[in-house]
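Data block below; observations after.
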Amino acid sequence: PVYNSQTVRTSSVSYSKTFPDIGLTISTTMNVSQNVQDSIVSLTLPSLSVSLSKKYPFKKKKRAGEEKWYEKIALSYSGQFSNSVTSKEDELFEKNLATEWRNGMKHNIPITATFQLFDYINVTPSINYTERWYLNKINQSWNSVTNSVERDTVSGFNRVYDYNMALSMNTTLYGFYQPAGFLKKSRVHMVRHVFKPTVSFTYAPDFGTDHYGYYDSYTYTDKNGEVQTVEYSPYTGSLYGVPSKGRTGNVSFSISNNVEMKWRTKEDSLKKVSLIDELGATLSYNLATKTK
């Protein structure tokens, strides 16, 4: 006979609250998982999520005249927090919160706006800001005696942030063609060409530079007597990661074409047909590419 028994016990509690007047939503979850065979406990206490819907902080409550460009600036917010640990049951409450618990908090604030330039060009700038809070980091060094990497967990508040910016401009141009002269006897009533050009730009600095301090390195001498350099981030393995290295600066230009025709049927009614549907092209260039 085969006997089955449950070796892992799990329990969770969740709660969510919405404040519709201010567009705020808060939700939290607590989880406990225990392996009855080896007494290993995984505890998440708590996992918290906060979100705030889009707001226009510069918009006037009472309209007076035309809307200003800065009144169209909108921002929203989302936040996450988690605090978890895996340990033997009898050692759970002996774990140091700062060095042995896996915790962190992440804030994300997107800022956007949409307005018109010269009444015809739609301009959409945006900034996306992300900030992470960690209570420890892990420094690495080379031990020449044991020929191994040593990892030292350092407690303390660590603020790790990054951001990127984007700008997009687009417009729509219309062209019309109506047959003239002897062509008027044809069934073609009118041809319309819709042309949509878009120019966009994105930028993010290099968060791998020494200025930010998100990356470090150590050196060692290998078995061939050559000095090797190993680069690492003290925040690798943290809950919400670490900003990537390398500067970003992309410029792109795209176009879209649509051609429609109205023609006259035998019953002398007009019918619309599509001749070209979304024919386009995109050209992009990375300004961050190093040239010789």
Side-chain angles (χ1 to χ4, degrees), residues 23 51-60 63 65-78 106-132 160-178 190-209 211-212 214-215 240-262 272-292:
S51 64
L52 182 66
S53 60
K54 186 179 293 186
K55 301 294 180 182
Y56 295 85
F58 305 110
K59 181 171 288 189
K60 297 178 181 178
R63 172 65 47 213
E66 294 185 1
E67 188 178 35
K68 305 297 183 182
W69 67 269
Y70 53 81
E71 294 184 74
K72 299 179 181 180
I73 297 176
L75 61 84
S76 56
Y77 169 82
S78 63
K106 180 181 178 181
H107 311 271
N108 182 250
I109 305 175
I111 303 173
T112 60
T114 301
F115 53 91
Q116 287 190 326
L117 186 65
F118 307 123
D119 296 328
Y120 297 104
I121 302 175
N122 300 313
V123 181
T124 306
S126 63
I127 300 175
N128 190 66
Y129 179 83
T130 301
E131 183 165 307
R132 309 158 185 83
V160 181
Y161 70 91
D162 67 310
Y163 60 89
N164 59 75
M165 296 179 288
L167 177 66
S168 176
M169 295 186 293
N170 67 81
T171 189
T172 302
L173 303 175
Y174 297 91
F176 297 92
Y177 169 74
Q178 201 165 19
M190 181 177 292
V191 177
R192 187 181 75 158
H193 179 204
V194 182
F195 178 68
K196 298 180 179 180
T198 301
V199 179
S200 60
F201 171 73
T202 58
Y203 171 79
D206 183 3
F207 293 101
T209 61
H211 169 73
Y212 297 98
Y214 300 156
Y215 292 85
Y240 304 111
V242 61
S244 59
K245 299 182 62 179
R247 183 169 66 96
T248 301
N250 293 318
V251 177
S252 65
F253 175 74
S254 63
I255 57 174
S256 174
N257 292 274
N258 288 276
V259 179
E260 297 176 341
M261 179 182 68
K262 283 185 178 181
K272 183 172 66 175
V273 294
S274 176
L275 301 180
I276 299 176
D277 189 18
E278 293 298 332
L279 175 64
T282 300
L283 177 66
S284 62
Y285 177 70
N286 187 359
L287 297 175
T289 302
K290 294 182 179 180
T291 57
K292 296 182 179 181

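Heads up: numbering here begins at 1 and tracks the sequence.
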Taking C-beta and beyond as the side chain, do [X] and [Y] meet within less than 4.5 Å on heavy atoms?
| X | Y | result |
| --- | --- | --- |
| Pro57 | Leu75 | yes |
| Val242 | Tyr215 | yes |
| Thr130 | Lys106 | yes |
| Ile111 | Ile73 | yes |
| Leu287 | Phe201 | yes |
| Lys72 | Phe58 | no |

Is there a side chain to side chain donor-acceptor pair (under 3.5 Å) between Ser252 and Ser200? Walk through the geometry before answering. CA-CA 5 Å; Ser252 65; Ser200 60; 2.5 Å; yes
Check this for me: [X], atom [atom1], are more than 12 non-hydrogen atoms of other residues, nucleotides or ligands nearer than 6.0 Å?
| X | atom1 | answer |
| --- | --- | --- |
| Lys196 | NZ | no |
| Phe176 | CZ | yes |
| Lys272 | NZ | no |
| Glu278 | CD | yes |
| Lys55 | NZ | yes |

Tell me the closest heavy-atom pair linking [X] and [Y], and the distance in Å.
| X | Y | answer |
| --- | --- | --- |
| Asp206 | Gly246 | OD1-N, 2.7 Å |
| Arg132 | Gly241 | CD-O, 3.5 Å |
| Tyr56 | Glu71 | CD2-O, 3.7 Å |
| Gly249 | Asn286 | O-OD1, 3.2 Å |
| Val160 | Pro243 | CG1-CD, 3.3 Å |

Enter the distance from Glu260:CD to Met190:CE here, rounded to the nearest 0.5 Å.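 Between Glu260 CD and Met190 CE, I get 12.0 Å after rounding to 0.5 Å.
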Interatomic distance, Phe195 atom CZ to Ser256 atom OG [nearest 0.5 angstrom]: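 Taking CZ in Phe195 and OG in Ser256, the distance rounds to 9.0 Å.
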Decide yes or no on side chain to side chain contact (heavy atoms under 4.5 Å, CB included) for Val191 and Val259, but give the supporting numbers first. CA-CA 7 Å; Val191 177; Val259 179; 3.8 Å; yes
The test is side chain to side chain contact (heavy atoms under 4.5 Å, CB included); show your working for Thr198 and Ser168 and say whether it passes. CA-CA 7 Å; Thr198 301; Ser168 176; 3.9 Å; yes
Under the ring-ring contact (aromatic ring centres under 6.0 Å, His included) rule, what do Tyr163 and Phe207 come out as? Steps first, then yes or no, please. CA-CA 9 Å; Tyr163 60 89; Phe207 293 101; 5.6 Å; yes
Option from Tyr77, Tyr161, Tyr129 for which side chain to side chain donor-acceptor pair (under 3.5 Å) with His107 holds: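 Going through the options one by one, the only one that passes is Tyr77.
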For Asn257 and His193, what are the C-alpha separation, side-chain angles and deciding distance, and is it a side chain to side chain contact (heavy atoms under 4.5 Å, CB included)? CA-CA 7 Å; Asn257 292 274; His193 179 204; 2.8 Å; yes
Arg192 vs Lys262, side chain to side chain contact (heavy atoms under 4.5 Å, CB included): CA-CA, chis, key distance, verdict: CA-CA 8 Å; Arg192 187 181 75 158; Lys262 283 185 178 181; over 6 Å; no
